[in-house]
Participant: 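Got a structure for you, questions after.
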2 protein chains.
Amino acid sequence: MVEKNIPDIVISRLPIYLQTLHQIEKQGETIISSRELGELFGITAAQVRKDLSFFGEFGKQGSGYNIDFLKSQIRAILNIDRTWDVALIGAGDLGNAIARYPGFLERGFSIEYVFDSDLTKIGKLVGGHIVMPSDTMVETIRAAEIQIAMITVPSRAAQQVADDLVRAGVRAILNYAPVPLNVPENIRVETVNPIIQLEHMTYYIK
Amino acid sequence: MVEKNIPDIVISRLPIYLQTLHQIEKQGETIISSRELGELFGITAAQVRKDLSFFGEFGKQGSGYNIDFLKSQIRAILNIDRTWDVALIGAGDLGNAIARYPGFLERGFSIEYVFDSDLTKIGKLVGGHIVMPSDTMVETIRAAEIQIAMITVPSRAAQQVADDLVRAGVRAILNYAPVPLNVPENIRVETVNPIIQLEHMTYYIK
DNA sequence: TTCTGTGAACCGCTTCACAGCG
DNA sequence: CGCTGTGAAGCGGTTCACAGAA
């Protein structure tokens, strides 16, 4: 799979295609056209075809795309044709909700460790995991070669945790704290910030 | 404030400017240039100026933008120079975490009601709110004229809840369920989907 | 015929570059 | 001078339109 300069915006649509294909498949469909797939989230058929053509020729002229095959191709492109081990840092309310939510594992993200700096939480069980003390985090993550972490600590602690994660060898961080994180160029960060999403909507409902 | 056809992508950057200004202000700054503001999240100075110029002339030539003034202007543009009442539907783990999180209120989103269909949860207290039964939801939201709702129910129930919310007069929905919601044109929906964000990052860490 | 894959045209956001004001 | 506001140029993603395969 030779991928050169594929626009990031195309990459960001692939997980959405995948989610849509999951839905469609549940309804018993096995084949879908670019037009149908596009309509399901408001994108033109041409864009669907153009996006997919960056990676190969997955469709059949005259009929469309085999849903199961397309799913497996997109999974391979996104490197999710495997399970990723994940570390969760922060065992507060949100961390608990995430640790107990089965949806991550269903999609191949397996939470292997939960860390917290609060001594009263350490040793407790959340979502099947014993909460471990933060001061063992760098060592543990490095030894387990974990590459993805989620941060659900208070904002004031988030940057320090991010620094530690980078030292531990993590390459992607999903950040639930509402602050920007400074990390080296080669580390990916995505921030979950529902307040920004709310503020986006209020513009339109004046 | 006469706003015609402002690109949605510009609107989506305003909450980020606002968040950045919050951070900067904490460090004691009172004035910021477009270059500095842009550097803080990887955008050119020209883009910052162009974005803001859609709404007015907020800067001072020779010096830059007064942070406090710019914040108040952006708040006014986004209609967050007020408090919005919000309804939360779903009192599971995630709903609990959201109800107990003070960050929404700090930014002007006040959770006024929490609903759940699970009889064992009704009447319990989460984040200072008594959980109310779902079958009173439409009536209650309509009477309180609530315009924003957050959905934290299981995926299978999300579309039904969304339909009910639309009937109740809600105009914006923050959806935490990993399914697309079908709503009328004039209703805004934003989905929080951390799995999609993880899948976006795994592309780059092969 | 139907629907994909794709070069080319199109369009809209980004960047440039400079007038203008403090 | 320094920095904003903005028309114009530039560029990259989107859409068009059609050849070609099933």
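Residue numbers begin at 1 in each chain, while the letters A, B, ... track the order of the sequences. The structure presented is a predicted model; accordingly, all values stated were derived computationally and were not measured.
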Participant: Grab the CZ-C1' distance between B:Arg35 and D:dG5 for me, whole Å please.
Facilitator: 17 Å
Participant: Taking only nitrogen or oxygen atoms into account, show me every contact under 3.5 Å that the protein makes with nucleotides 19-22 of chain C, one pair per line with its distance.
Facilitator:
{"unit_1": "C:dG20", "atom_1": "N2", "unit_2": "B:Gln61", "atom_2": "NE2", "d": "3.0"}
{"unit_1": "C:dC21", "atom_1": "O4'", "unit_2": "B:Gln61", "atom_2": "OE1", "d": "2.7"}
{"unit_1": "C:dC21", "atom_1": "O2", "unit_2": "B:Gln61", "atom_2": "OE1", "d": "3.4"}

Participant: Do the side-chain N or O atoms of A:Ser33 get closer than 4.0 angstrom to the phosphate oxygens (OP1, OP2) of C:dC3?
Facilitator: no
Participant: Mind calculating the distance between CD1 (B:Ile32) and P (D:dG2) to the nearest angstrom?
Facilitator: 19 Å
Participant: Return no unless some side-chain N or O of A:Tyr65 is found under 4.0 Å from OP1 or OP2 of C:dT2.
Facilitator: no
Participant: Rounded to the nearest angstrom, tell me the gap between atom CZ in A:Phe58 and atom C1' in D:dA21.
Facilitator: 18 Å
Participant: Do A:Thr44 and A:Gln47 have a side chain donor and acceptor closer than 3.5 Å?
Facilitator: no
Participant: Parallel under 30°, tilted from 30 to 60°, perpendicular over 60°: which one fits the rings of B:His200 and B:Tyr204?
Facilitator: tilted
Participant: Rounded to whole angstrom units, what separation is found between the CD atom of B:Glu57 and the P atom of D:dC3?
Facilitator: 18 Å
Participant: Grab the CZ-C1' distance between B:Phe54 and C:dT14 for me, whole Å please.
Facilitator: 11 Å
Participant: Quick one: does A:Asp116's side chain have a donor or acceptor within less than 3.5 Å of a partner on A:Lys121's backbone?
Facilitator: no
Participant: Expressed as a whole number of angstroms, how long is the span from B:Phe69:CZ to D:dT4:P?
Facilitator: 14 Å
Participant: Are side-chain N/O atoms of A:Asp164 and A:Gln160 paired as donor and acceptor at under 3.5 Å?
Facilitator: yes
Participant: Going by the side chain to side chain donor-acceptor pair (under 3.5 Å) test, which pairs reach into residues 15-28 of chain B, not counting sequence neighbours?
Facilitator: B:Tyr17-B:Asp51, B:Glu25-B:Lys71
Participant: Locate the shortest heavy-atom distance separating B:Leu52 from B:Phe58; write the atom from each residue and the value.
Facilitator: O-CE1, 3.8 Å
Participant: Short of 4.0 Å, heavy atom to strand atom, which residues of residues 39-53 of chain B count as contacting DNA chain C?
Facilitator: B:Thr44, B:Ala46, B:Gln47, B:Arg49, B:Lys50
Participant: Calculate the interatomic distance between A:Ile6 atom CD1 and C:dT6 atom C1'; express it in whole Å.
Facilitator: 15 Å
Participant: Report the distance from atom CD1 of B:Ile9 to atom P of D:dT14, rounded to the nearest whole Å.
Facilitator: 10 Å
Participant: Taking B:Thr202 for the side chain and A:Leu78 for the main chain, is one N or O donor matched with an acceptor at less than 3.5 Å?
Facilitator: yes
Participant: Quick one: CG on A:Leu70 to CD1 on A:Ile31, what's the gap to the nearest 0.5 Å?
Facilitator: 11.5 Å
Participant: At less than 4.0 Å, is any side-chain N or O atom of A:Arg13 found next to OP1 or OP2 of D:dT14? Yes or no.
Facilitator: yes
Participant: Indicate yes or no for a side-chain donor-acceptor contact from A:Arg142 to the backbone of A:Arg167 under 3.5 Å, with no hydrogens or angles considered.
Facilitator: yes
Participant: Pick the closest DNA chain D nucleotide for A:Pro7 and for B:Gly56 by heavy atoms, then say which residue is nearer the 5' end.
Facilitator: B:Gly56
